[in-house]
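Data block below; observations after.
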Amino acid sequence: MWYRPEKVAVWRCASRIRRSKTGRRCMIRNVKEPLLKEATVDAFNQLIKGHELASEQTNQSQHHESDQKF
């Protein structure tokens, strides 16, 4: 957590502060939690859209909903 001026959750590699067993440090900067959540949701949505099973279920759901309207 950062406190500048309000509390902000950030994520970072554990080896950013402490060196890993190989003696290296992670050079990736801190990532604010809201940006990480947004990127994660976007990535999952892309995976779901590209998956055959999700496409089949979406089509079945749409047909089922249209049948119930009448």
Side-chain angles (χ1 to χ4, degrees):
M1 293 298 238
W2 280 349
Y3 297 93
R4 298 184 185 164
E6 71 275 350
K7 188 169 141 178
V8 178
V10 295
W11 289 80
R12 62 176 150 208
C13 295
S15 65
R16 178 130 172 91
I17 298 171
R18 285 183 254 131
R19 292 185 188 273
S20 67
K21 291 179 182 179
T22 61
R24 295 184 177 170
R25 283 190 179 175
C26 178
M27 299 309 292
I28 297 172
R29 306 213 27 109
N30 298 323
V31 179
K32 291 182 181 176
E33 190 170 77
L35 295 175
L36 182 61
K37 284 182 179 180
E38 183 180 340
T40 303
V41 169
D42 288 346
F44 275 112
N45 285 338
Q46 288 178 13
L47 286 171
I48 290 168
K49 285 180 185 176
H51 196 277
E52 285 180 29
L53 183 59
S55 178
E56 290 175 21
Q57 289 176 344
T58 302
N59 289 337
Q60 288 175 1
S61 176
Q62 288 174 348
H63 290 298
H64 183 69
E65 288 175 6
S66 65
D67 291 344
Q68 288 183 347
K69 289 181 181 176
F70 295 105

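Computed from a prediction, not measured in an experiment: that's the story for all the values here.
Within the model, atoms CG of L36 and CZ of R12 stand 14.0 Å from one another, a figure rounded to the nearest 0.5 Å. One distance of note links CG of L35 with CG of N30; it measures 12.0 Å at 0.5 Å rounding.
Heavy atoms only, all atoms of each residue included: P34 and A9 are closest at CD-O, 4.5 Å.
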